[in-house]
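As structure tokens, the structure follows; a few thoughts come after it.
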Amino acid sequence: MRDVFIVEAKRTPQVKSGADIKDYPVPHLGIGLLKNIMDVTSLPPDAIDEVILGNTGAPPKYPNIGRIVALEAGLPQTISGYCTHRNCASGMEAASQGWLKVASGRSDLIFAGGIESMSQMPLIFGKEMTELFANVMRAKSMQDKVLALKAFRPQHLAPIIAIEQGLTDPFCSINMGQTAEILAREFGITRQDQDEYANRSHHRATAATKEGKFDDEIVPLIIGKKFDRILRHDIGPREKSTVEGLGKLKPFFEKKSGTVTVANSCPITDGGSMLLLASEDAVNKYNLKPMARMVDYHFHGLEPERMGLGPAISSHHLLKKLGMTLDQMDLIEFNEAFAAQVIACKKVMADPSISKRWGINEKIGDLDDDKLNVNGGAIALGHPVGSTGSRLIVTLAHELKRRGGKYGLASLCIGGGQGGAVVIENL
């Protein structure tokens, strides 16, 4: 297998759902990123082999948004594009498929990433209303149409919320927040623990923004009805967050006995991220200067109701495959789906008496807070589902470069009971 290099890694600002980019054309969350990287690298458009983008809430207007982004960004029609869907890890799946194609020699230059506008995930009519519409359309005469319409009842208008269904596991029939509640109970994680973790995420993210640490990875968006504003920073991190303030919010998923709130969970978010992956042949041919090497990846499954432990388990198996240890990682990016979930991962990784439940009879390692999500995580920055898996790699690559670290680990839990992990090496 050939080495696979990350030449460039970019993302958009991440914005809370319903805010400044709620009506932003979804493809443009990827088009600007791809064009920016093409400009920076001065690559000829026909040098690209493929565009692979993670996306979960496929916009009806933009089927196969990977192909649409490729064409709208100015790549030739001969270059293929497609989408990946692995729930929260869709962007990481895109990067993994790009890695496989370059490593195996099938491709030399691939754009891989993810985009998601959770603001634009639709409301759906239920079965009764859908059938009513179908009967009206089938009716041949006006009289038949009126008869079909007489079957209408007001309750038929009750919508199915697509994003709510997408965040509910079909196997265990509970939503993602409830899976975090299971981990909080099983591992004795208190509300105070979760709020303190969430508060730290906000303060790290706001500090990183002020210090310009995200500037190199963010490609600004032109926004506004008249496209007269430039959005340069994430909208979500709370500079004035306090543990006391977070503690005032009521449990959201289990109203009476729960500890998981909207404040110690990731917000619903819009955003995109993009990596340019290259072979050594392409690096030499086009005189490219890679940021990092994507070493390898791994996905692993576990119980859907404990999906939040996916990062611990997938990271273990990836490190084992590479013959590496957690201590060798200079920086670690774990997606903060929920504070309870990250804290539970820390407990599993540090204690072999716990991890043996998943067939791991050794200590995985200590998740050092000085290495973990050093610029905040998804609780502050948000979690645009199709993009987060690649966004973690983008942020990790830039921070490794800034610090001069060698190895970094990016990992996240995946709805349905999975975890995904990637190791990169700073160059």
Side-chain angles (χ1 to χ4, degrees), residues 16-17 56 87-89 118 161-202 236 238 241 243-269 300-315 334-351 353-355 357-358 367 372-373 377-383 385 388 411-420:
K16 280 187 176 181
S17 176
T56 67
N87 291 344
C88 310
M118 300 185 79
I161 303 171
I163 195 169
E164 184 179 276
Q165 285 213 330
L167 295 175
T168 300
D169 190 276
F171 291 97
C172 55
S173 301
I174 59 176
N175 64 45
M176 299 299 101
Q178 290 170 309
T179 70
E181 290 284 13
I182 288 174
L183 298 182
R185 284 195 299 271
E186 290 186 348
F187 291 98
I189 301 166
T190 67
R191 169 69 183 273
Q192 181 79 8
D193 294 334
Q194 295 172 58
D195 288 346
E196 286 177 355
Y197 184 93
N199 189 58
R200 183 174 64 205
S201 183
H202 281 290
R238 302 172 186 172
S241 172
V243 175
E244 293 73 24
L246 298 180
K248 293 177 182 179
L249 278 78
K250 295 181 179 180
F252 186 79
F253 301 99
E254 293 185 4
K255 306 294 184 182
K256 293 183 178 180
S257 59
T259 58
V260 179
T261 72
V262 294
N264 55 42
S265 309
C266 64
I268 295 169
T269 313
H300 211 85
L302 71 159
E303 314 95 300
E305 64 272 22
R306 293 177 183 81
M307 67 95 200
L309 298 179
I313 296 169
S314 60
S315 295
F334 270 23
N335 187 44
E336 297 170 352
F338 305 93
Q341 161 258 322
V342 179
I343 297 169
C345 283
K346 293 176 75 170
K347 289 176 177 285
V348 169
M349 296 175 83
D351 190 344
S353 70
I354 301 175
S355 61
R357 178 175 173 181
W358 293 276
L367 273 181
L372 176 65
N373 297 351
I379 288 173
L381 299 171
H383 177 21
V385 179
T388 294
S411 187
L412 75 171
C413 58
I414 307 169
Q418 297 182 84

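Hydrogens, waters and symmetry mates are skipped; everything else that's a heavy atom, side chains included, is used.
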Quiz prompt | Aromatic F252 / basic K255 pairing, under 6.0 angstrom, 45° off normal | solution = yes
Quiz item: Hey, does F253 have a side-chain heavy atom less than 4.5 Å from the side chain of I174?
Solution: no
Self-check item: For E305, side chain to side chain donor-acceptor pair (under 3.5 Å) partners two or more places apart
Solution: none
Self-check item: Sequence-distant partners of K346, salt bridge (Lys or Arg N to Asp or Glu O under 4.0 Å), two or more places apart
Solution: D369
Quiz item: What is the distance from atom CD1 of I354 to atom CE of M349, rounded to the nearest 0.5 Å?
Solution: 12.5 Å
Quiz item: Looking only at atom types and distance, does a side-chain atom of N87 sit under 3.5 Å from a main-chain N or O of G415, one as donor and one as acceptor?
Solution: yes
Exercise. With sequence neighbours left out, write down each residue that passes side-chain contact (heavy atoms from CB on, under 4.5 Å) with A263, or none if nothing qualifies.
Key: R238, L246, L249, T261
Practice problem: Just do the side chain to side chain contact (heavy atoms under 4.5 Å, CB included) check on F187 and L309 with the steps written out, would you? | Solution: CA-CA 11 Å; F187 291 98; L309 298 179; 4.2 Å; yes
Practice problem: Check side chain to side chain donor-acceptor pair (under 3.5 Å) between E336 and all other residues, then give those that pass, not counting sequence neighbours. | Solution: Y197, S201, N373
Quiz item: Partners of S411 by side-chain contact (heavy atoms from CB on, under 4.5 Å), sequence neighbours excluded?
Solution: P311, S314, S315, F334, A421
Practice problem: Look up atom CG in L302 and atom CD1 in I313, then write down how far apart they are to the nearest 0.5 Å. | Solution: 4.5 Å
Quiz prompt | 4.5 Å side-chain heavy-atom contact, V342 and I379 | solution = no
Quiz item: Can you name the side-chain contact (heavy atoms from CB on, under 4.5 Å) partners of E196, sequence neighbours left out?
Solution: Q192, V243
Self-check item: Euclidean distance, C172 SG relative to I182 CD1, rounded to 0.5 Å
Solution: 6.5 Å
Exercise. Would you give the length of the straight line joining atom NE2 of H383 to atom CE of M176, rounded to the nearest 0.5 angstrom?
Key: 10.0 Å
Quiz prompt | Main-chain N/O of P267 paired to T269 side chain as donor or acceptor, under 3.5 Å | solution = yes
Quiz item: Are T388 and C88 close enough, and set up right, to give a side chain to side chain contact (heavy atoms under 4.5 Å, CB included), and what steps lead you there?
Solution: CA-CA 7 Å; T388 294; C88 310; over 6 Å; no
Practice problem: Could you tell me which residues satisfy salt bridge (Lys or Arg N to Asp or Glu O under 4.0 Å) with E181, sequence neighbours excluded, listed by chain and number? | Solution: none
Quiz prompt | Any residue meeting side chain to side chain donor-acceptor pair (under 3.5 Å) with R191, in chain and number order, not counting sequence neighbours | solution = D195
Practice problem: Output all residues satisfying side chain to side chain donor-acceptor pair (under 3.5 Å) with T179, sequence neighbours left out; order by chain, then residue number. | Solution: none
Quiz item: Okay, side chain of E186, backbone of L183: is any donor-acceptor separation there less than 3.5 Å?
Solution: no
Quiz prompt | Residues that Q418 engages under side-chain contact (heavy atoms from CB on, under 4.5 Å), provided they are two or more places apart | solution = R86, I414
Quiz item: Which pair of heavy atoms, one from C413 and one from G310, lies closest together, and at what distance?
Solution: CB-N, 4.4 Å
Self-check item: Nearest non-hydrogen partners of A378 and N335, listed with the distance
Solution: CB-OD1, 3.1 Å
Quiz prompt | Heavy-atom pair with the smallest gap, counting every atom of N199 and S241 | solution = OD1-OG, 2.7 Å
Exercise. Can you measure from OG1 (T259) to CG (D193) and round to the nearest 0.5 angstrom?
Key: 9.0 Å
